[in-house]
Amino acid sequence: MAISKETKSKLVKKYGKDANDTGTTEVQIAILTAEIKSLTAHMVENKKDFISKRGLQQKVSKRKSLLNYLKNKDIERYRKIIADLEIRG
């Protein structure tokens, strides 16, 4: 359910300012989105795994708060990350 190091490093390179920039809001949102997609696929197969369900809900909540922060801070960066990750509608 955790994403691989290669996937994480690709996301950091794509959305970060450099290869070691893991703190940028866009990078954190991209990593959380990849983890959410992975956990969602797991939850489809294992409907009674309530521990993973709680972890999924926590990740969705964390991503939502980061998106709200980015929306209030810089609306253009928010719109770009939404379009790139195809998160909302």
Side-chain angles (χ1 to χ4, degrees):
M1 280 134 334
I3 60 174
S4 65
K5 288 184 181 182
E6 294 83 22
T7 306
K8 189 179 261 190
S9 64
K10 286 178 187 176
L11 290 171
V12 170
K13 287 179 186 175
K14 183 174 181 180
Y15 293 104
K17 296 174 185 164
D18 60 17
N20 296 323
D21 183 22
T22 58
T24 307
T25 309
E26 288 93 338
V27 173
Q28 292 181 21
I29 292 170
I31 291 171
L32 281 170
T33 301
E35 291 174 348
I36 288 169
K37 287 180 181 177
S38 173
L39 271 173
T40 302
H42 171 77
M43 290 306 299
V44 168
E45 296 172 6
N46 304 291
K47 296 185 187 326
K48 294 188 178 183
D49 188 358
F50 299 112
I51 303 291
S52 294
K53 184 177 181 180
R54 183 170 186 272
L56 174 63
Q57 291 170 342
Q58 288 175 331
K59 289 181 188 302
V60 169
S61 176
K62 178 69 173 176
R63 183 180 71 177
K64 183 178 179 183
S65 65
L66 286 170
L67 284 169
N68 285 336
Y69 166 78
L70 192 59
K71 185 176 175 182
N72 292 331
K73 185 88 171 164
D74 188 356
I75 192 73
E76 291 304 318
R77 286 171 46 199
Y78 169 79
R79 289 180 182 148
K80 184 177 182 303
I81 196 76
I82 292 294
D84 286 350
L85 296 175
E86 300 173 354
I87 295 175
R88 296 189 176 157

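These numbers come from the heavy atoms of this one structure, side chains and all, not from hydrogens, waters or symmetry mates.
Interatomic distance, L70 CG to K80 NZ, rounded to the nearest 0.5 Å: 11.0 Å. For the atom pair CZ of R79 and CG of D74, the computed distance is 10.0 Å after rounding to the nearest 0.5 Å. The line from NZ of K47 to NZ of K53 is 10.5 Å long, rounded to the nearest 0.5 Å. Remark: Y78 OH to L66 CG distance equals 12.0 Å, nearest 0.5 Å. Residue M43 holds its CE atom at 7.0 Å from CG of L56, rounded to the nearest 0.5 Å. Atom OG of S52 sits about 10.0 Å away from atom NZ of K59, to the nearest 0.5 Å.
Checking side-chain atoms of T40 against main-chain N and O of I36 turns up a donor-acceptor pair under 3.5 Å. Side chain of S38 to backbone of A34: no donor-acceptor contact under 3.5 angstrom is found.
Heavy-atom contacts from other residues, nucleotides or ligands closer than 6.0 Å to CD1 of I51 number 12 or fewer.
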Donor-acceptor list for residues 18-25 side chains, cut-off 3.5 Å, not counting sequence neighbours:
residue: D18; atom: OD1; partner: N20; partner atom: N; Å: 3.1
residue: D18; atom: OD1; partner: D21; partner atom: N; Å: 3.0
residue: D21; atom: OD1; partner: T24; partner atom: OG1; Å: 2.8
residue: D21; atom: OD2; partner: K17; partner atom: N; Å: 2.9
residue: D21; atom: OD2; partner: T24; partner atom: OG1; Å: 2.3

Checklist entry - Does the pair I29 and I87 meet the rule for a side-chain contact (heavy atoms from CB on, under 4.5 Å), with working shown? => result CA-CA 10 Å; I29 292 170; I87 295 175; 4.1 Å; yes
Item to check | Worked check of side-chain contact (heavy atoms from CB on, under 4.5 Å) between I81 and R77 | outcome: CA-CA 6 Å; I81 196 76; R77 286 171 46 199; over 6 Å; no
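Put simply, I75 and L85 are part of the same group of oily side chains (I, L, V, M, F, W, Y) that touch within less than 4.5 Å, one to the next.
Counting heavy atoms from C-beta outward, L67 and K71 have side chains that stay 4.5 Å or more apart.
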